[in-house]
Structure formats: structure tokens, C-alpha cells
Colleague: 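Below is a structure I'd like to ask you about.
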Amino acid sequence: MEKSGFTVKLDEEYDEKVTPGYVIKQEPEGISKRKEGSEITLVVSKGLEMLEMPDLIGRKLDNAKKFLSDLGYETGVVTYKFVAGKPADSVLEQAPKAKNKTPKGSKVDLVVCRDPKDLSMPDVMGSSLNDAKKALTELGIMDITVRYVESGSSEGSIVGMEPPAGSKFAADGKVVLQVSSGSHPQSVNKYAEFVVPQGSGTQDVQIILIDANGQRTVYQGAQKAGVRIRQKVEVTGSGKVQFFCNNKMVEEKNL
């Protein structure tokens, strides 16, 4: 243009659609006629405007949204979770993070602290522990205590919860889940009685107990023929004892 006798004035503007260094517009527009020596203004693209992302942590949600809008950003996805000790409706996390260089107009996702008193406990009775935890964490409840109790219900299923289903959460957002450890047989003390059979000299006597806990030796020693042995044993569920003399089983009894 200068070779054509015009004076050129350069201005720059941010433009997300035009490559940096390329002309966005000119004044006057092309094809129009101007006297030699007239000034032509060219507006050149600076590309995307990059801004430093502000720190939104701790701001109330409405305040954070307005702050973003005033800076030229948009509020993206807002999700909620409960964190003990944090004010309800305050920003806990943001993406992109503070101080990152981010294009103007970008969407900013926020995680906001939920007030647990606004939530109702879901009914997770009978659910598996994993499913119950998933239902709670989706509400933002993270402080979950698990206690195992004996129950006739399926092992690993929820048999109790605090707070009860449908009730509001406490201010601290704590939840206690009772999980079935299955039905376990009771243990009782019984006596295994045995008379050492006739034989020459002393015999190596062994008493083996078999019950719900497996197989184990409850007595071993050398005894003479005719000696009566009365051995106290702890039996879990149904059980039986086997009597051995010199490594040969001579008797078996149910307890």
C-alpha cells in the first residue's frame, strides 16, 4: 500500500478465528477510492487472548460465576461434593487451575461444597458395599465408616445404616454402614473321651478334631492300655473327633 502512495497505520486486535499476523479488517474497505497519501488503517490479528486464570477457591458459587463473566470466561460444568469444615456453596476445585494461561472465553469447571443437610440418605439396604459407596460418593458423601456384623443376610450386603434411609444427613456428613460378614457357626466346649485299647507297652495316642474351622490335633501323648482320656475341645459348628493309636485310627465320634 505504501508503494501505491498510501500511508499505512497498523492496529492489533485479539481474534480467535484469524491467524496471528493476518489482517482482520481495514479502514477504508477495499475497492473504495482515496486520494494518494491517504491513511489506511490495517487491523492485524493477535490470535487468542490469553489471560491468567483467577483463583476461585473459597468463593461462593454465584460470586465465582460473576467474577468469571466479568473477566470474559464462561462457567462450565458445576459438580457438588461434601467436604467437612468447608462452607456450603463454596468453590473447592476449579479446572483450569489458578494462574494457568487460558484463552479468554474458555469454560471453567467448578466443584462446589454441598450442604449435607440438603441431602437425604439413599436406601442402600441389601446393596453390595461397592454399590452403596458409589451411591453415596455420587452425592458427595466421602466420610463413610464400615462395620462388619454377623447376619443371616448375604455376605457383603448392607444390613444397617446411619442415618436411616430418607433422613437428612448430619452437619458433618458422616455415614455408618453395617455390612454382613455372613452367618458364622457358634463355638462350644465339649469333651472327647477315649479309652486306650489293649496292646503291648505304651502307645502313641493322637486325637484329631474336625469342625467348621478345619482339622487340627487337640491331643498327642504316650499312654498305657486301658487309660481313659477325657480331652476338652472347642468345637465350631458340627464336629467330630478321630482317635489314633500308633498312627492308626481306631475310633471316630461325632460331637
Side-chain angles (χ1 to χ4, degrees), residues 1-120 122 130-131 133-144 168-169 171-173:
M1 285 190 176
E2 290 174 340
K3 290 181 180 180
S4 300
F6 294 105
T7 302
V8 178
K9 177 186 176 184
L10 294 178
D11 283 340
E12 291 182 312
E13 288 183 5
Y14 290 105
D15 193 301
E16 62 180 13
K17 296 180 180 179
V18 180
T19 304
Y22 281 70
V23 176
I24 302 170
K25 58 186 176 181
Q26 68 180 66
E27 179 62 37
E29 295 180 355
I31 307 178
S32 61
K33 294 183 179 182
R34 289 292 186 272
K35 291 181 181 181
E36 186 176 346
S38 297
E39 182 178 86
I40 305 296
T41 301
L42 300 179
V43 180
V44 179
S45 173
K46 295 169 66 175
L48 288 172
E49 183 177 4
M50 303 294 288
L51 301 176
E52 185 178 278
M53 179 60 60
D55 188 355
L56 305 171
I57 306 302
R59 289 178 178 265
K60 291 290 187 178
L61 178 59
D62 288 343
N63 177 274
K65 285 183 174 181
K66 184 178 185 305
F67 192 51
L68 287 172
S69 178
D70 290 345
L71 291 175
Y73 291 106
E74 294 183 33
T75 301
V77 177
V78 178
T79 54
Y80 292 85
K81 73 176 182 180
F82 172 73
V83 176
K86 298 293 184 181
D89 205 40
S90 63
V91 176
L92 301 171
E93 302 170 23
Q94 66 181 85
K97 293 184 178 181
K99 297 185 178 181
N100 283 355
K101 290 292 185 181
T102 311
K104 186 176 181 179
S106 297
K107 290 186 177 182
V108 182
D109 296 335
L110 303 174
V111 178
V112 178
C113 187
R114 187 190 293 273
D115 188 341
K117 292 181 289 186
D118 294 336
L119 302 173
S120 296
N130 285 340
D131 287 346
K133 283 185 172 181
K134 184 175 183 291
L136 290 168
T137 53
E138 285 177 351
L139 292 176
I141 302 299
M142 304 295 178
D143 193 346
I144 303 170
K168 297 296 183 182
F169 288 94
D172 57 11

Colleague: Tell me whether K60 contacts the main-chain N or O of V91 through its side chain, where contact means a donor paired with an acceptor under 3.5 Å.
Modeller: no
Colleague: Grab the two heavy atoms, one from S106 and one from P103, that are nearest each other, plus how far apart they are.
Modeller: OG-O, 2.6 Å
Colleague: At what distance, to the nearest 0.5 angstrom, does NZ of K17 lie from CD1 of I24?
Modeller: 11.5 Å
Colleague: Quick one: which residue pairs count as a salt bridge (charged side-chain N to carboxylate O under 4.0 Å, His left out) with a foot in residues 88-113, not counting sequence neighbours?
Modeller: E49-K104, K81-E93
Colleague: To the closest 0.5 Å, what do you measure between CG (L136) and CD1 (I144)?
Modeller: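 Between atom CG of L136 and atom CD1 of I144 there are 4.5 Å.
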Colleague: List in chain and number order the residues that pass salt bridge (charged side-chain N to carboxylate O under 4.0 Å, His left out) with K25, two or more places apart in sequence or in another chain; answer none if no residue qualifies.
Modeller: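 For K25 the salt bridge (charged side-chain N to carboxylate O under 4.0 Å, His left out) partners, ignoring immediate neighbours, are E13.
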Colleague: Could you note down all residue pairs passing salt bridge (charged side-chain N to carboxylate O under 4.0 Å, His left out) where residues 61-78 supplies at least one of them, sequence neighbours left out?
Modeller: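 Qualifying pairs: K66-D70.
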Colleague: Tell me if a side-chain donor or acceptor on N100 pairs with a main-chain N or O of T102 at a distance below 3.5 Å.
Modeller: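 No; zero donor-acceptor contacts below 3.5 Å.
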Colleague: Which heavy atom of R114 sits nearest to which heavy atom of Y80, and what is that distance?
Modeller: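 Heavy atoms only, the tightest pair is NH2-CB, 3.3 Å.
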Colleague: Ignoring hydrogens, what is the shortest heavy-atom contact between L68 and P54? Give both atom names and the distance.
Modeller: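 For L68 and P54, the tightest heavy-atom pair comes out as CD2-CG, 4.4 Å.
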Colleague: Rounded to the nearest 0.5 Å, how far apart are CD of Q94 and OG1 of T75?
Modeller: 11.0 Å
Colleague: Tell me, do T19 and S45 make a side-chain contact under 4.5 Å, heavy atoms counted?
Modeller: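 Result no, sub-4.5 Å side-chain heavy-atom pair not found.
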Colleague: Minimum heavy-atom separation for L61 to L110, with atom names?
Modeller: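 L61 and L110 have their closest heavy atoms at CD1-CD1, 3.8 Å.
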Colleague: So which heavy atom on P87 is nearest to which on C113, and how close?
Modeller: O-CB, 3.3 Å
Colleague: Got a second to check how far I40's CD1 is from T7's OG1, nearest 0.5 Å?
Modeller: 8.5 Å
